[in-house]
Amino acid sequence: MSVRAGAGAGAGAGAGAGAAAGVRSVARIVARDDGRGGTSLPVLESDGPLALRRTRSAGAGARVMLVGAMSGPLGGDHFTVEGRVEEGARLSVGSAAATIALPGQAKGDARYDVRLTVADQGELHWLPEQLISAQGSDLKVATRVELAPTARLVLREEQVLGRVGEEPGRLTSRLTVRVAGQAVLDQELACGPGASGGWDGPAVMAGHRAIGQLVVVRPEFAAEPVTAAVLGEGASLVPLAGPAALVTAVAPDALRLRRLLDEALASLPRA
Amino acid sequence: MSRAALLVLADGRFPAGGHAHSGGAEAAVKAGRISGAASLEAFCRGRLHTAGLVAAGLAAAAALGIDPVALDRAADARTPSPALRVAARKLGRQLLRAARATWPSAELDALGREFPKGAHQPVVLGLAARAAGLGPVDAAYCAAYESVSGPASATVRLLSLDPFDATRVLARLAPEVDRVADRAVEAAREAVTEGPDALPAGSAPLLEIGAEAHAGWPVRLFAS
Amino acid sequence: MHLDHSHHGPTTVSADAHRPDGSRRALRIGLGGPVGSGKTATVAALCRMLRDELSLAVVTNDIYTREDAEFLLREAVLPPERITAVETGACPHTAIRDDISANLEAVEDLEDMAGPLDLVLVESGGDNLTATFSKGLVDAQIFVIDVAGGDDIPRKGGPGVTTADLLVVNKTDLAPYVGSDLARMAADAKAQRAELPVVFQSLRSEAGVADVAAWVRSRLAEWTA
């Protein structure tokens with residue numbers, strides 16, 4: 001396991017070298033076609049607060065739950081989850097509970113990096129619970145997915161700005177999805193105190209406290225893209241420039257957001 | 001280089017089709033999210049730091065000579081809404097026509113051959129700035145300013161808003177336009193060595209969702 | 001005649017009389033005039049009269065999205081691929097005069113998709129008496145007014161009435177009902193326009209749009225000469 005010291009010292013963190021170091025942890029999953037129609041997990045490495053558990057799977061693929069063994073990430077922490085789905089393997093990853101970004105003793109922001117790769121004929125369902133940005137927290141999330149030309153993906157990201165009745169912390173999240181080396185989606189959203197102006201205004205969030213994205217990549221979308229649709233007041237389904245579809249939704253709270261995303265996923269043609 | 005060329009390129013009357021687009025303001029007005037000068041300002045501020053920053057980064061990168069094909073792909077990835085991709089290419093094609101007539105250049109001709117149906121407008125803007133003898137800072141300023149001046153003038157028409165109020169909104173946003181242009185140029189310089197991934201990717205969910213709703217209206221005043 | 005065709009370097013821009021492949025492009029005629037004067041009805045009648053002898057297409061510039069285009073589609077005066085609507089951001093006069101880029105894209109796309117074409121009619125949404133077409137967009141323009149809009153419009157003049165290549169005074173059948181004096185309108189128009197032609201028409205009469213169609217044919221003969 002590689003703990004990358006100093007990886008959190010990015011631009012804008014403003015952390016002094018003498019600041020108390022946060023927790024560095026890297027969890028890794030590798031999913032492999034076991035040659036008997038199933039998927040094995042030759043690598044399933046938990047690390048500190050990032051605990052991974054294999055769970056019973058309904059289908060041919062492997063199923064993993066991310067279990068939060070400690071609360072976090074706190075300020076100064078740097079979590080990384082790496083997932084690799086090898087050729088022909090099928091992996092589904094969820095989490096046991098919402099992740100809450102909290103303020104910490106250590107100076108500087110917290111970072112949460114998710115790096116996923118899916119090889120040809122592989123399939124990844126990445127469906128964690130919400131990320132909640134608690135008051136006073138400062139978290140940068142970066143999710144990067146690299147897909148081979150015939151790989152498949154269902155990925156959900158949900159962010160909730162503040163616990164009930166609470167002002168949000170600062171949350172910056174970037175989501176990049178590449179298919180065959182080509183970016184089909186590259187977006188960053190910054191919310192909360194200290195974020196650039198207008199984030200809560202009529203062009204961006206307009207007072208909504210939950211935001212979610214659902215990315216679906218299927219090779220067949222190249223020839224038959226989804227039809228763009230508006231799903232009520234705060235959600236849309238669109239074909240991306242590539243073999244992918246995106247649902248973007250904003251909602252007053254996490255519950256209504258999840259309902260919008262679930263309905264959108266159900267509305268897609270059966271894979 | 002002529003400083004005044006920047007005024008020509010940034011002039012709202014530069015005949016490149018911008019007048020028919022509201023930058024999402026028409027959808028926001030209909031949804032009740034823009035109802036006067038204060039909400040127009042909040043709308044423009046949010047657009048400036050998201051779509052405006054992205055456009056400014058792309059324009060600055062194109063002005064620095066980064067491959068426009070790669071930049072156009074980067075623009076696609078940063079524009080999930082197909083309605084907005086269509087609008088950006090339409091405006092890019094119109095801008096290319098105006099720029100080629102105004103500042104004939106082999107680079108602009110090549111861009112027209114590469115993208116007969118239009119490249120993303122900010123990419124064309126950056127190359128137009130180059131053709132006009134301007135630099136990345138100028139291109140970033142044009143893009144950042146356009147990202148707010150378009151919705152402001154559209155809102156004057158949509159709400160019969162007092163034009164002095166709309167202009168005051170733009171003046172109040174000026175320091176933030178400066179910061180956005182600076183950030184965009186910094187990122188564009190990074191992209192010269194790191195590639196287009198280094199460019200800003202700010203997104204505005206309600207602009208994206210609103211653009212899709214707007215594209216489906218049977219009756220509207222603005223093209224986007 | 002103000003057919004000012006000049007080449008601007010190697011690229012095709014605005015008024016260039018040739019397409020990129022060197023062939024002569026279609027003649028472009030603009031139709032403007034106040035709201036309700038009968039521009040769209042005149043365009044529809046021209047299409048019906050000319051569509052069997054000419055290859056033609058229409059670009060509309062609406063205040064609202066595609067109302068005029070929808071009307072022409074409903075009336076089935078041309079196949080749908082020959083009708084394009086340009087969205088104008090509530091300002092048709094800007095789209096036909098100050099910033100013609102969207103209209104130029106539209107006429108060129110029509111020639112690429114439905115061409116070769118002899119004639120493209122570019123209709124402006126009803127705007128006001130000052131709306132005129134850019135010479136970068138059209139080769140000639142028709143200004144359509146009607147007797148019900150007030151018989152003092154020719155006397156008042158304005159760029160459309162004064163400078164249009166053809167002035168059409170429409171709905172002459174209504175003159176007795178609205179108290180318009182056709183002789184006075186003709187005299188005022190003559191005073192404003194000197195030798196520029198004026199057509200009085202009623203689309204409900206047997207002659208219908210025949211005079212305007214004849215004028216269009218003569219312009220086309222000059223264009224292709």
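We name chains A, B, ... by the order of the sequence lines, and we start the count at 1 in each one.
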Against chain B, label [X] side chain, backbone, both or neither, depending on which of its atoms sit under 4.5 Å from a heavy atom there.
X        : result
A:Gln182 : side chain
A:Leu185 : both
A:Ala195 : neither
A:Leu240 : both

Q: Look at A:Val250, A:Val230, A:Val238 and state which one has the largest set of heavy-atom pairs under 4.5 Å with chain B.
A: A:Val238
**Q.** Greatest number of heavy atom pairs closer than 4.5 Å to chain B - which of A:Pro202, A:Ala206, A:Gly198, A:Ser236
**A.** A:Pro202
Q: State whether a side-chain donor-acceptor pair under 3.5 Å links A:Asp113 with A:His78.
A: yes
Q. So what's closer than 4.5 Å to chain A heavy atoms on B:Arg85: side chain, backbone, both or neither?
A. side chain
Q. What part of B:Leu199 is in contact with chain A, defined as an atom under 4.5 angstrom from a non-hydrogen atom: side chain, backbone, both or neither?
A. backbone
Would [X] and [Y] pass as an ion pair if we require N to O under 4.0 Å?
X        : Y        : value
A:Asp77  : A:Arg24  : no
A:Glu129 : A:Arg258 : yes
B:Asp182 : B:Arg179 : no

